Every structure is written in C-alpha cells, then in structure tokens.
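Since this is a predicted model, take the numbers as computed values, not measurements. Residue numbers start from 1 in every chain, and the chains themselves are labelled A, B, ... in the order their sequence lines are given, proteins ahead of strands.
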Amino acid sequence: MLASFCGKKVMRELSGVILNRGSKLCNFIEWRGLKVVYKRYASLYFYMCIDQEDNELEVLEIIHQYVEILDRYFGSVCELDLIFNFHKAYFILDELLLAGELQDSSKRAVGHMIAIHDRFVEAVKEEANSISNLIAQVNM
Amino acid sequence: MEQLKTIGRELAMGSQGGFGQSKEFLDLVKSIGEARSKAEEERIVLHEIETLKRRLAEPDIPKRKMKEYLIRLVYVEMLGHDASFAYIHAVKMTHDDNLVLKRTGYLAVSLFLNDDHDLIILIVNTIQKDLKSDNYLVVCTALNAVCKLINDETVPAVLPQVVELLAHQKEAVRKKAIMALHRFYQKSPSSVLHLVSNFRKRLCDNDPGVMGATLCPLFDLITIDVNTYKDLVVSFVSILRQVAERRLPKTYDYHQLPAPFIQIRLLKILAMLGSGDKQASEKMYTVVSDIFKKCDSTSNIGNAVLYECICCVSAIHPNPKLLDQAAQVISRFLKSDSHNLKYMGIDALGRLIKISPEIAEQHQLAVIDCLEDPDDTLKRKTFELLYKMTKSSNVEVIVDRMISYMISINDNHYKTYIASRCVELAEQFAPSNQWFIQTMNKVFEHAGDLVNVKVAHNLMKLIAEGFGEDDDTADSQLRSSAVESYLRIIGEPKLPSVFLQVICWVLGEYGTADGKYSASYITGKLCDVAEAYSNDETVKAYAVTAIKKIYAFEISAGRKVEMLPECQSLVEELSASHSTDLQQRAYELQAVIGIDAHAIESIMPSDASCEDVEIDKNLSFLDGYVQQAIEKGAQPYISENERTGMLNINNFRNQDQPEALSHSLRFEAYELPKPLVPSRVPPAAVASSTELVPVPEPYYARETHQTASLPSVSDAGSSELKLRLDGVQKKWGRPTYSSSASLTSTSSSHKTTNGVTQVDGVGTSNSKGRDTYDSRKPSVEISPEKQKLASSLFGGSSRTEKRASSGNHKVSKAAEKSHVGKAAGAHSDTVVEKINREPTPDLLDFSDLAVTSTAPSVDPFQQLEGLLDQTEATSTMNNGAAGASRTPEIMGLYADSAVSGLSSSVANRDEFNLSSELSNAARTSQVGVSQLNKGPNPKDSLEKDALVRQMGVNPTSQNPNLFKDLLG
C-alpha cells in the first residue's frame, strides 16, 4: 500500500508541495504519478504514498489510527516526543503497518505488542539501574 | 509503592536528561532546533559526525553507548547527511543477544540500507538465526526486518522458515509471517504461489487479526488468477456479513464502525471475484446492500467503506438496486462541502458511468463546480472523469478545457500527461481534420518538447494523407490551411523543437503547392528558422531538407531558381558543419540545384511523400564491389549481432553452467569444478554479408546522425551502409512516414484562428464581469455559462447530431488511406460548409468559457463562510489541552480508556481534525465520537511543560507550535 522510505529528494520536494496547499483543499495530491495522502496535526504533517487503487479515505484513517496510538503511548503526544524518540515512533509504526499494509486494525492488539516490548526493555533496564533497584528493595 | 516507582524512574531519567535520552543527544536536537540558518545546521551536523567518528573508533564501547550512537547516526542521516561510515556498526548490532540492542540494530540497518545494499547479505544469516529463536519477540523483530531488508534474491534463504512460522503459537508471529509473505509476493510473485493452502488455513484462524492479515496475500493471489478462488466467495461473503453484524471483538471497532479496515479489504477482494461473473456476484448483493444501509455516512471511515462499496458495485455484475444505492452515495459525496468527499465522489462517478452512463447527467453541475475549483487535485481528478466520458459530441469542449488548464500550469510531469491525453482524445474523436490540426498546434505550442515525437509524426502523416476518402480538393485545402497557420506561427519566439520539425516538413512539402506563396518567401522563412534555432541540429536538418524540396519542386515545374543570399550563406555554413548529417544535407541541396528538371523529376517527384520507397536492404547492388574487395584480401563483414552472439556462446561454453548466467544468489555450496572443454565456434561459419540483420532503420535525424558519425575501423562496412541509407532517407523526407504531396490552399483556417484570438480578449472581460455578478448573487443561481457548458459536456442538445454527421473522421482511419473514389464532391461541400461555420456563436462561447476557467474566480461569500467556520472551530480547539499522564505504564491506561473510550466522549472529532477539515468537521462533530480519552487535563500538561523547560528547550519563534500537542 505505501512506499514509506522514499528518497530524501522526493521528501523535500513533496513537503514543498504539501506545505503550499491551503487548509480547505483535499488531503490528497497526485504528484509525479504518485498518489500522496497527507494529514496535518498541529505543526506536524503525516503523509503516505499509496498505490493507484488504494482507498484514500481509508489511508487518512490509517494515519489517524497511528496518531491515536502515538498519543496513547506518549500521553498527549507532541512534536518533541517524536523528535527525541523517533526510534520508538518507528517501532510503533512497525507494529501497525508491515509490508505496506495494516497488519492489525485493532488498536488494542498493536498496543499490546508495544507494551510487551517495553516491558522487556524495562526488565533489562531495572537490572542495570541501581537506583530503581534500591527503591524496589526498600519497598519489599 | 506506585509513587515511589515513578519517582525512581524520574530520577533515572533525570540522569539521562529527559525523554529517555542522553544529555548529548538532547543537546544535539536542541541546537539543531535553534539553528538560525541552514549553514549553521550544517556546521552542527558535521561536528556531530566528527564526534561520532571519533567515538566509534574508540576501543571497547559499552553496548548501551553504542545504541545511543546509532540513534544519533540515524538522526544525522535523517537530516540528509551521509553516515555510511557507521553502517557496519549497525549490522554488528543486529548480532547482539540483547533484544533491545538487536531491535535498534535492525531499525538502523533498515533505515540506512536499501534492500540491494552489499551489506544485506551479512544480515541474512542473522535473520535466519533469529527466526529460529525461542523468544517470540526476537522472532517478531526478525520478521519486521525480513519485510524491509529481504529482496527477491534473498527470499529463498528465509522463505521456508517464514512459512513454518505460519503455524506459530503466538498470533503476533503468525500475523507478521503472513505480512512477510505478502512482501515476498511484491518482491518476487512466483515465490509464494505454492502457499495457497496455508493461506486458506489461516483465513480460519482463531485470531481476527491473523484472519485480517491473511486477506493481503490472498488479495495478491486472486489478482493473478481469479478463477481458482471462486469457491472462496461464500467464505468471504460470510466473513463480511459477520463483520458487519459486529461479531468481531469490540476492540476492532473504529469510530464505532465494526472493523472497517477488514470490511474494505473484503470488499476489494469481492470486487475482483465478482467481476464478470454473474453467479458469484449474486451471492454478494445482499451483504453489500446491507453495508450500504448500515454504514455511518457521517464519519470519514464510514465514507471510506461506502466508497469501497461503490467500487465493488461497479466492478461486479450490475444490479439495479445496488447501482441505485451507489448513485445516492455519490450524489451525497458530490454535494458535500468537504473536498475530500467531492474527490471521492468524482472518482466513484468515473467508475459508475462505465455501467450506467446516464447518472453523469444528474451531477453535471457538481462536476463543473469541481472542474472550476481552485484545488488542483480535484481539478485533475475531474479531468480524469471527463476523459472517461469523452465522445465525439463533447470532445471539443473537453479538449479545449484541458488545453487551457495545460497552459496554466508549470508542473512538467502533469503537463506531459495531460498533453498526451489531449492528443489521444483528439486522435480518437476529432470531428474534423482542421480542428485536429489546430488542436495539435495548440498542444505543441504550449507543451512543446514534452509531447511524444510520435505525435508529431502522426500529424505530418495526417497532413500528407489527408482524409480517408480520395478527395483531393479537401486534402489540398487541409494542407494549405496548415501551411497558412504555420507561416503565421513560425515568427513567434521560442517554439519547441518538435513543433518546428513539423512546421519545416509541412512547409517543405506543401509551402509552394497552391501557388499562393512564392518559393523565395517560403525559403526565406525556413532560413530564418535555421538561423534562429542555430543550436538545434535536428531543426536545422529539417529546414535545409525543406529548402531543398522547395527548390526541387521549382526546378521540376520549369521555373528558374535563384537562391536567396541568406540561403546561400546558410548552405555554406552547413557544408562546413561539424555534423556530418548537416553537411551531407547541404551538399545534397547544392547538388539538386545543379541538375536538370528531368533528373529531378525522377529523384524527387512532387506529391510522392506517401509513395512507398523500396529499399533494397540486402544492398545487392554492392555485391560486385564486395566481391572485389574480398578477392583483394579484405575480411568478410560480420554483423554486430553475430559478433556479440558469438561472444555469448563462448562464455556459455566455457563456464559450462547455465545457472551461472541467471542473476540469483545460490544458497547451496558450489559443485566441484570440472575440467574445461575448450570449444569455439568458427567465425567464418557465421559470416555472410548478404543475409545480415539489417541496420536499424533511421528513426529521426539526430539518431541517424549519431550512428553515422561513429567512426570505427572494424565497422567500416556497416557505417558505410548507414551512410547510404541516410542519403536515401534525405531524398525522400522521412522514410518511416513517407507521405504524398499535392497542394492547394484557402485561407479558411487563418480566419478561424483569427476569430479565436479575438474572442480571447472578449473572454477575459467577460470573466471579470461574471465574477462581480457572482459576488452579488451568491452561489444559489447557476450561471447560464455553466449550464451551457454542462449541456455541451453531457450532451442532449441538437449539437450532438450535427457533430455526429460531420465528425468521425478518425485519424487512424485516415491513415490507412483507402483508395475509394466516390462522393468527392459531396464531401468537399461539407468541409466548406464547416469552415464557414467555424466561428459560430457556439464556438465563441466555448473559448470564452475556457478563459474564465483559467482565471481563478474568488467568491467573497464563500470566503466569509470560511472565516466563520474557522472562528467557530478554534473555540472548540481550545479546550483540547494535554491529557493523559506521562508515566511509562501506558498500558494500564490503554485498557482503561479502551473500555471507557466510548462513554467518555468528551472530545469530539473537531479536536483531531485541525483547520484542514474545519468546515467538514463542524458537520460531523455530533456523531463522530472519538475513542481517545482526551480532554482538558491541566495538571499533566503543566508537568510536561515543566519537564520541557527543565531541559532548557524553549520554543523558538521559528516554530511556535513546537509544544502544542499534536491532537489538541
């Protein structure tokens, strides 16, 4: 469905095109034979390149689904969350979209996987982190 | 306890610097954010690269540090700099046993490398190992990497393991394995064909997520071969029904709709299965109709499902009731204020008119509104629709519209596209040849070199061959009108090369044919062209050949030729040209002038561009010469193809291993080498100069020039052949498009185009008038222009018949040139009549409208509306403040809000859809209940703000929204 990692030049040119569009216009553009769906959240634009046969409205909702998941994960997600934790944003995207398609449409299933991974990370961290170990011991 | 834990975490975070990242990384991001110029940013990043290089060179880097460096490197690459020096470190990290590091390694690798990068091969082994891991999280991570990093060559290396994972006990793994197979299909379709039975099994998986994912590869397989899967129609229909009846777990609901994403996928599959199959389609009617009824048309996702239903209905065997439902939805889309819905409506209309063309008429005004909309996306989609509904009755209006839009845009990609569309429509539906030539002129003038060269050749062919009927008067009128229009256009500055070639050719063939213009006038014009475009060799070549033809016709007509002084100097200049092609043309011109009328008659007969020229491809007349040379000891000629073919054969024999030639990786060990069997094909066996593969026929001048000027000693024979052919070609104009000549001329087209240009002036003033008119009477009334346009687009007027009778001279038909001598007189009558009719009020109206469309009309009333919407919406936006706490234990929240999401719908959709959808959202706000547990939560947002300030990152003026919540 989407070609997520297009070249940097494409991204630059494309953002120029998208930023110049008025707010009341379509959220779709056809650009150099590509179909692009974009959505704006505050100062951030999310966009996806899609196939000719894809359903644009559906793609808009997929973007929204992603943002909702980000929002829940970070707790009122803001631009800084994404800049500082862009690798996490990528991990979350991996749980939502795979091989260019939505791998699971249930937000819960996606959230579950992210949480399991995080718990794993936490476990590793706790071992390494003496301060939290200490506190844990005090509470025992 | 809980609180203490949080404090502990915060303490831990504090040591790192907030946001879970190290102080250094935070500083980097901060300084980039505060950089005031591109150069400053550049400097910071280059400095960072230096630091990282130094650090990576240090021995024994702790793994956690390494992870951070990698993330910083990814960041550097995201900013557009090269971090290739560190790729190997990313690859190394994928080998790590620690999952966190492994994951980061895979992420970095997939962001750094394309799937054909050399380093990928180092990772395949790691992936293979990870796919076997006991820890299913490792397997998941590996599967993610498989989707991004495996290319068609490495698919076989992991395929068996991925297939095995289809039966894994964890649904997350099964799901990812299925998606990986879907990716394999994209990379190399044949690799997954044998897995049909596995997919069928997964379709009945207990986990709805796995079932949903299985639809992807099944969709792929069904696109390849529909018939094998007809038995699945029943299953798909029953799944779709169950989904629509909310049998899936609540967690699959999205904006209160049951699993809409799965519904859409199923509808896509059904559309394919039902296409052209009445029996299969009948099984789907009920469920699709139900979805039409059940779908919530106020939410975006509901409309997405409805749109998919329309796609399905228009693909399967038509059913009147469903078509009716689809038409209703389309009309709602088109009437909507949202541009997105209008866009979908236009698209859906384009699909449906194939089945029921009459529904277009109900929506004609909406379509015209979209055509005149300032939004380019919408406009282009509408052109797409118009393209689909073009008939000979409306082709003039539509092509006119397309051309005026084409003139108004700068985007070369789309310009090329729409120009080719215009040409296609004009060729297919042209009502008359005059119109065709005029349209082509406009396309060439404005799209210029973006037009395919073939189009130019077609145009020349049309002018040379004229109408399909054997009607010389009409043909000559056509030609003289073409000459007429070209002589007028030729003076304009900066004409595109392709167009000039057409002009030169036509002037050369027919410039003096009707006796209206003298040879010296035409040659003067041609000289001007050659001079004005002196760096375009192709144009110069065309011009010189055209001049030669004019003189040849003069001589054979028995008139005395006097070369113009500028022509003389041009020929002199060209005969000293660096281009051998131009030189040859110049010398030929001089030679032609020197010979007598009788000889000219035979080498360059007038009116013969359509006659077939017989080319002796074997060049048998050279046999004697060749024989002589061979007797003197020359090497026999071996054609290039045979020479390279021999090389291939040698390679093949030497390696003795056919697989070695195919470009795929081998994963099994190589066999032991066998002793070489030396074998060579004797070269003499192949060579025989007569039956060689012919020299590729010269296509257009530049190409020939290149091949001809390639000096190569071994190739002497072939280059001579090429030169000869070149000569032949020039004597006859374009051999590929050899066309006939005969001429006469009236000034009809001149008059009409004059008429149009005059009208243009009127048009602009009219459009101004209309704007003010519109602003006084807002939108309710439909302007008469629009109605007229509508009727001309959607037919129904008396014009249709008129066009039908005079039209239908399809160019393709004309090209065949049937020699049926009949009805010549009658035909020329209609042509004359048409010419007279050309500047009738109809046409005036059209060109007038075309102009209004290009001037973007602004409706003050609508602008006011927009303002109102905005204020209303911003007020609602304000209460959307930061919500939810920042503890990392989000999952608790997750579970909570998933349950409470429905009831706690404080926030409506407005809060998500920012100004881009304001007007739309105002409508939907009441119904579109969000599942997000959001709302004002000042405490949390304050906390977050404090954290941010602690870190010393302050919003800069460049990016005032930095701290705004994305959704608020």
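Only the side chain of A/Phe86 has a heavy atom closer than 4.5 Å to any heavy atom of chain B. Neither the backbone nor the side chain of B/Phe184 comes within less than 4.5 Å of any heavy atom of chain A. Only the side chain of B/Leu107 comes within contact range of chain A, with heavy atoms under 4.5 Å apart. Residue B/Cys311: no heavy atom, backbone or side chain, is found under 4.5 Å from chain A. Contacts of B/His339 with chain A are made by both backbone and side-chain atoms, with heavy-atom separations under 4.5 Å. Contacts of B/Arg103 with chain A are made by both backbone and side-chain atoms, with heavy-atom separations under 4.5 Å. Heavy-atom distances place no part of B/Tyr185 under 4.5 Å from chain A, backbone and side chain included. For chain A, the nearby part of B/Ile264 is the side chain; its heavy atoms alone come within less than 4.5 Å.
No other option in B/Glu171, B/Arg380, B/Arg265 has as many heavy-atom pairs under 4.5 Å with chain A as B/Arg265. In terms of heavy-atom pairs under 4.5 angstrom with chain A, the leader among B/Gly212, B/Pro208, B/Cys147 is B/Cys147.
Distance check: B/Met344 CE to B/Lys381 NZ gives 8.0 Å after rounding to the nearest 0.5 Å. Rounding to the nearest 0.5 Å places CG of B/Asp207 at 11.5 Å from NZ of B/Lys170.
Between the side chains of A/Arg21 and A/Tyr38, at least one donor N or O lies within less than 3.5 Å of an accepting N or O. In the model, A/Glu61 has a side-chain atom that pairs as donor or acceptor with a side-chain atom of B/Asn300 under 3.5 Å. Between the side chains of B/His81 and B/Glu77, not a single donor N or O lies within less than 3.5 Å of an accepting N or O. B/Tyr307 and B/Asp347 share a side-chain donor-acceptor pair at under 3.5 Å.
With respect to B/Lys148 and A/Asp94, a salt bridge is recorded, a charged nitrogen being found less than 4.0 Å from a carboxylate O.
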